[in-house]
Amino acid sequence: MSRYNFKQTEEKWQKAWEDRQSFAVHVDPEKPKYYVLEMFPYPSGRIHMGHVRNYTLGDLVARYKRARGFNVLHPMGWDAFGLPAENAAIENKTHPALWTRQNIETMRQQLKTMGLSYDWNRELATCEPDYYRHEQKMFLDFLEEGLVYRKESWVNWDPVENTVLANEQVIDGKGWRSGAPVEKRQLSQWFLKITAFADDLLEELKSLERWPDRVRLMQENWIGRSEGAYMNFALKERDDSLQVFTTRHDTIFGASFCAIAASHPLAQELAGKDPDLADFIAECNRMGTSEADIETAEKKGFDTGLKALHMFQEGRELPVYVANFVLMEYGTGAIFGCPAHDQRDLDFARKYGLDVIPVVAPKDVDPKTFEVGDEAFIDEGLHINSDFLDGLNVEDGKAAASDGLEAISAGERAITYRLRDWGVSRQRYWGCPIPVIHCGDCGVVPVPETDLPVTLPDDVTLDEPGNPLDRHPTWKRVNCPRCDKPAERETDTFDTFFESSWYFARFCSPQAETALDRQAVDYWMPVDQYIGGIEHAVLHLLYSRFFTRALKQCGYLGVKEPFAGLMTQGMICHETYRDENGAWLYPDDIDFSGAGHPVHAETGKPVTVGRSEKMSKSRRNVVDPEAIIDQYGADTARLFMLSDSPPDRDLDWTDAGIDGAWRYVSRLWRMIDARLGRLPPPGTPRPDGGLSEAGDQLHRALHRTIANVSGDLDRFHFNKAVARIRELTNLIDELDGALGGVESDGWVLRESLEVVVRLAGPMMPHLAEELWQALGHQVLLVDTAWPEAEAALLVEETMTVAVQVNGKLRGTVELPKDAAENEAREAALALPRVSQALDGKEPRKVIVVPNRIINVVV
RNA sequence: GCCCCUGUGGCGGAAUUGGUAGACGCGCUGGAUUCAAAAUCCAGUUCUCGCAAGGGAGUGGGAGUUCGAUUCUCCCCGGGGGCACCA
């Protein structure tokens with residue numbers, strides 16, 4: 001018996017699809033379109049298993065929709081700007097552009113061995129001027145629309161490298177490479193007004209029904225809309241006032257202090273005269289900026305000596321602190337503290353000996369004796385000790401407090417967001433230059449459209465401190481487009497999220513002279529199914545939603561939501577291995593052949609096997625896709641990616657699993673190869689004679705499988721779809737011996753084998769194409785429609801109904817479909833095991849759920 | 001700290017609206033084939049009592065709703081993720 005040669009077969013069909021341009025697509029208003037997109041990769045060097053999973057999922061969807069008659073757009077490109085290119089350039093003495101382009105070459109070749117149904121004619125790389133010139137134009141359009149502004153903002157500054165650090169480059173408060181303590185600095189940076197769309201971005205989440213709930217929830221939390229009030233406290237012995245934002249203005253009578261952020265202008269002003277305060281502010285600035293750092297740090301404050309005057313109580317004064325848990329970026333950078341009803345305020349008050357006055361008490365408690373201990377009372381209740389708010393519940397109290405504030409002009413209702421504007425300036429080389437010029441006389445001047453693109457210089461030095469573009473001897477020196485006097489280019493580049501915020505639209509017309517061809521984007525957009533990692537749940541997806549709105553406002557396209565459907569895939573995990581010294585080992589270094597514990601292949605020393613964790617280079621628990629594809633073939637790798645775990649869950653990579661997938665690939669090939677001689681020719685109409693019992697059983701099963709697999713694929717239950725196909729394979733094997741009694745059985749056998757091949761097509765495209773040809777078809781499988789299930793064959797004539805006594809299973813009965821209740825009851829009570837369980841007692845009640853279950857209650 | 005997800009055999013996972021828990025695969029055990037091995041095929045495989053027929057328990061733990069709960073409600077425990085310059 002011959003064996004399946006995956007290598008030859010996979011190359012053969014990849015070439016055939018390419019020669020025929022099977023996956024090249026064009027706008028065709030006559031056909032329904034379907035745009036499926038996987039998140040494009042950063043060209044880091046080689047593909048990893050995460051890519052293999054992502055692109056397998058996307059390819060399955062693309063091929064399935066194609067078979068279902070959609071005009072499918074399925075493109076691929078490269079998210080090619082980014083910091084790793086600069087790091088690699090320094091380490092390997094190469095150039096970021098060269099490094100990136102070489103990586104793209106390698107990775108494209110690797111992807112091509114997977115047999116993915118991309119329209120490669122649409123490939124793009126964001127680092128090419130032909131791509132980024134369009135986003136420079138977009139930026140200028142946004143500027144005109146008032147969606148862009150410049151402001152001072154805080155950054156992590158490495159004083160040795162003279163560079164801004166990303167949060168992940170700050171380790172224990174020190175620069176990752178220099179080890180120098182990181183400082184906070186203010187830089188003037190460009191911002192995009194994402195907050196202008198905050199409400200719409202929040203509101204429209206509801207319309208994204210084909211997004212996972214948890215992603216929508218994460219975005220909702222990120223936007224963080226809160227309804228509350230601004231309140232203005234007059235300051236004792238000063239002319240100005242302190243504005244705070246609060247969502248609990250109803251608790252104003254329980255206020256015992258105010259607190260401002262370390263970077264609040266008032267704090268800055270006071271620090272000028274108070275060295276101790278300046279020290280405290282410096283200490284706050286050394287603290288991490290993330291919310292987690294702030295929330296878990298000890299609550300500390302510094303009493304400024306200022307007193308805020310209570311707007312409703314003459315003579316009542318609240319001390320003003322600078323506190324490390326108040327963020328300048330949120331609300332107004334100032335709060336009032338009501339310790340009785342906020343845990344953080346309570347901790348703070350206990351620490352500094354401030355009053356704790358309860359102003360809301362639970363309904364069933366005597367207000368006179370109600371006290372707050374170590375736990376703030378944040379639940380619903382009625383107001384006490386609160387003057388005109390007494391007796392009101394929380395909601396009414398807020399409304400009344402707002403009215404009271406507005407009546408005396410001491411505040412107003414307000415809505416704030418946690419969402420902040422998007423800072424897009426980066427002090428790096430390998431990014432898209434921001435197309436503006438700074439002129440001493442004219443200020444900020446946009447680069448004229450005719451001068452676009454502003455391209456990066458090639459001759460830069462990266463291994464010195466500071467911003468390479470700023471350091472370049474000539475690049476930034478230009479004349480002002482307005483007054484022609486010597487001026488300087490902006491030397492910052494865009495955040496790389498900029499490129500990924502519109503690439504999906506560019507794929508609709510990747511060669512167009514303008515950024516977007518309206519006819520093409522109007523036809524293809526939005527993306528029908530977007531697939532990628534959950535790690536992009538907030539930033540990339542939110543920026544893209546914003547960007548699409550901004551582009552719509554500028555007339556680039558007509559939709560505001562870029563991604564109608566979203567699927568987030570889980571991570572790939574693998575066991576971890578360490579040697580005696582605790583050093584991580586690669587899976588390839590381990591020898592499992594011995595009877596005892598695994599040992600190091602070279603040294604023979606024992607190895608500790610750790611639990612399965614996300615594949616990562618640092619833990620060395622990685623498996624190289626190229627090696628797997630070389631050893632088992634792309635179809636086997638793809639099948640394994642789809643088999644065991646649902647797409648959104650983590651997947652454990654195991655040798656046993658990939659072996660199992662390979663066994664099925666060869667089994668399917670053998671199964672069909674061995675039967676080719678017994679089949680009627682392709683396209684033979686169904687013979688007139690009836691089927692044998694086995695033939696009928698197989699016939700029904702294959703149509704049930706079509707229905708189930710189609711349903712599973714529609715709902716992205718790919719692991720179940722694989723299981724259904726395997727079940728049908730098992731059944732064909734099982735019934736094979738009983739077939740052949742009548743002429744129609746041969747026809748059913750061919751139908752069954754063809755259905756298995758067609759259903760497996762999107763999963764194992766090369767094998768399926770090969771078998772389709774072996775079965776005698778001239779038209780390629782990729783050009784063949786998806787099979788349809790015959791509804792009549794899905795209806796069962798009899799049903800197996802479970803019989804319970806007091807909820808415990810005692811047997812089953814075969815009943816005609818939709819049998820009458822009486823009939824069902826009789827059949828159930830007639831079961832010996834039922835009467836045995838009844839033990840002579842009369843049933844009190846018999847519950848009959850048609851076609852499902854009968855429960856006898858005693 | 002806040003928010004979210006998750007928990008089912010030795011393992012990955014099924015169970016569409018509350019209705020036969022464990023589909024499918026992996027692993028393991030026994031057998032066939034082979035000089036031998038690989039590969040392949042057949043049978044078995046939740047735990048427990050029993051020679052068997054059959055009984056009992058069982059979806060992280062505890063309570064509740066129901067004729068019936070993996071599924072719904074409440075409390076508790078374990079594991080994981082996110083929280084603004086990695087992409």
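Letters A, B, ... are given to chains in the order of the sequence lines, protein chains preceding strands, and every chain is numbered from 1. For the numbers below, each heavy atom of this structure counts, side chains included, while hydrogens, waters and symmetry mates do not.
Across the P atoms, B:G60 and B:A69 are found 15 Å apart, a figure rounded to whole Å. Between the P atoms of B:G10 and B:U45, the separation comes to 15 Å (whole Å). Atom C1' of B:A38 sits at a distance of 30 Å from the matching atom of B:A23, rounded to the whole Å. Here the separation of B:G56 from B:G64, taken at their P atoms, is 22 Å to the nearest Å. The gap from the P atom of B:G78 to that of B:C28 amounts to 34 Å, rounded to the nearest Å. Separating the P atom of B:A43 from that of B:G58 is a span of 32 Å, rounded to the nearest Å. Comparing the C1' positions of B:G25 and B:A37 gives an interatomic distance of 26 Å, to the nearest angstrom. Comparing the P positions of B:G18 and B:U70 gives an interatomic distance of 13 Å, to the nearest angstrom.
Proximity of A:Lys808 to the phosphate of B:C67: no side-chain N or O atom is located under 4.0 Å from OP1 or OP2. At the phosphate of B:C83, neither OP1 nor OP2 sits under 4.0 Å from any side-chain N or O atom of A:Asn221. Applying the 4.0 Å criterion to OP1 and OP2 of B:G25, one finds that A:Asn730 has a side-chain N or O inside that range. For the pair A:Arg418 and B:C83, the criterion of a side-chain N or O lying under 4.0 Å from OP1 or OP2 is not met.
RNA chain B is contacted by both A:Val722 and A:Leu217; A:Leu217 maps to the nucleotide lying nearer its 5′ end (nearest heavy atom per residue). Annotation: of the two residues near RNA chain B, A:Gly82 and A:Asp652, the 5′-most nearest-nucleotide partner is A:Asp652.
Of the candidates B:C24, B:U40, B:G55, the closest approach to any side-chain atom of A:Arg670 belongs to B:U40. Closest approach to the A:Ala723 side chain among B:G68, B:C24, B:A14 is made by B:C24 (side chain taken as heavy atoms from C-beta onward). For A:Ile853, the side-chain atoms get nearest to B:G19 when compared with the rest of B:U16, B:G19, B:G55. Of the candidates B:C24, B:G13, B:A87, B:A87 carries the atom nearest the A:Tyr42 side chain, counting heavy atoms from C-beta on. Here B:C24 is the nucleotide among B:C24, B:C67, B:G13 with the atom lying nearest to any side-chain atom of A:Glu727. Which of B:A21, B:A23, B:U40 sits closest to the side chain of A:Leu809 comes down to B:A21. Closest to the A:Asn708 side chain, of the nucleotides B:A23, B:A87, B:U16, is B:U16. Of the candidates B:A15, B:A87, B:U16, B:A15 carries the atom nearest the A:Lys720 side chain, counting heavy atoms from C-beta on. Checking B:G27, B:G25, B:A87 against every side-chain atom of A:Ala656, the shortest atom distance belongs to B:G27.
A:Arg344 comes within 4.0 angstrom of no nucleic acid atom, judged by non-hydrogen atoms across all strands. In this structure, A:Ile847 reaches the bases: a heavy-atom distance under 4.0 Å links it to at least one base atom across the strands shown. Counting any heavy atom pair closer than 4.0 Å across all strands shown, A:Ile725 reaches no nucleic acid atom. Nucleic acid contact class of A:Arg833 (heavy atoms, under 4.0 Å, all strands): sugar-phosphate only. Residue A:Asp495 is out of contact with every strand shown, counting any heavy-atom pair closer than 4.0 Å. Using a 4.0 Å heavy-atom distance criterion, A:Arg428 is classed as a base contact. Residue-level contact check: A:Val857 touches the backbone only, with heavy atoms under 4.0 Å from sugar-phosphate atoms and none from bases. No contact: A:Gln343 has no heavy atom under 4.0 Å from any strand. Residue contacts for A:Gln189: at a heavy-atom cut-off of 4.0 Å it reaches a base atom on one of the strands shown. In this structure, A:Arg420 reaches the bases: a heavy-atom distance under 4.0 Å links it to at least one base atom across the strands shown. Nucleic acid contact for A:Pro646: sugar-phosphate only, since backbone atoms but no base atoms lie under 4.0 Å from a heavy atom of the residue. Base engagement by A:Gln804 is indicated by at least one non-hydrogen atom pair under 4.0 Å involving a base atom. Residue A:Arg216 is out of contact with every strand shown, counting any heavy-atom pair closer than 4.0 Å. Contact annotation for A:Thr496: backbone-only contact, meaning every heavy-atom pair under 4.0 Å involves sugar-phosphate atoms and none involves a base.
Between A:Arg248 and A:Asp342, no side-chain nitrogen of the basic residue sits less than 4.0 Å from a carboxylate oxygen of the acidic one, so the salt-bridge criterion is not met. Salt-bridge formation is not detected for the pair A:Glu220/A:Arg216: no Lys NZ or Arg NE/NH1/NH2 atom is positioned less than 4.0 Å from an Asp or Glu carboxylate oxygen. A:Arg675 and A:Asp736 are joined by a salt bridge, as a carboxylate oxygen and a charged side-chain nitrogen come within less than 4.0 angstrom of each other.
Using a 3.5 Å distance cut-off with no hydrogens or angles, the side chains of A:Trp422 and A:Asp495 do pair a donor with an acceptor. A:Thr100 and A:Tyr42 are not linked by any side-chain donor-acceptor pair at a separation below 3.5 angstrom, with hydrogens and angles left out of the test.
A cation-pi arrangement is present between A:Arg726 and A:Tyr664, with the terminal nitrogen or guanidinium carbon under 6.0 Å from the aromatic centre and inside a 45° cone about the axis.
Across the protein-nucleic acid pair, A:Glu535 atom CD and B:A87 atom P stand 12 Å apart, rounded to whole Å. Rounded to an integer number of Å, the gap from NZ of A:Lys614 to P of B:C86 is 14 Å. At whole-Å resolution of the value, CG in A:Asp347 and C1' in B:C2 are 14 Å apart. The nearest whole Å value for the distance from the CG atom in A:Asp650 to the P atom in B:G7 is 12 Å. Going from atom CG of A:Leu642 over to atom C1' of B:G25 covers 14 Å, rounded to whole Å. If you measure from atom CZ of A:Arg663 to atom C1' of B:A39, you get 10 Å, rounded to the nearest angstrom. Atom CG of A:Asp655 is separated from atom C1' of B:C26 by 12 Å (rounded to the nearest Å). We find that NE2 of A:His540 is positioned 19 Å from P of B:A84, with the value rounded to whole Å.
In this structure B:G78 sits in a base pair with B:U6, meeting the Watson-Crick or G-U test at under 3.5 Å. Across all strands shown, B:G19 forms a Watson-Crick or G-U wobble pair, both distances under 3.5 Å, with B:C67. In this structure, B:U29 and B:A43 make a Watson-Crick or G-U wobble pair, each of the two defining distances being under 3.5 angstrom. The nucleotide B:G58 finds no pairing partner, because no Watson-Crick or G-U wobble arrangement with both distances shorter than 3.5 Å includes it.
Aromatic ring centres of A:Phe6 and A:Trp662: separated by under 6.0 Å. Checked against the 6.0 Å centroid threshold, A:Phe547 and A:Phe498 count as a close aromatic pair.
With a glycosidic angle no further than 90° from 0, B:G9 counts as syn.
Just one residue in the list A:Leu541, A:Leu208, A:Leu542 forms a side-chain contact (heavy atoms from CB on, under 4.5 Å) with A:Val215, and that residue is A:Leu541.
The base of B:U17 is paired with the side chain of A:Arg852 by a donor and an acceptor separated by under 3.5 Å.
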TODO: Starting from the C-alpha separation in whole Å, work towards a yes-or-no answer on side chain to side chain donor-acceptor pair (under 3.5 Å) for A:Tyr632 and A:Asp659.
DONE: CA-CA 8 Å; A:Tyr632 294 95; A:Asp659 280 337; 2.8 Å; yes
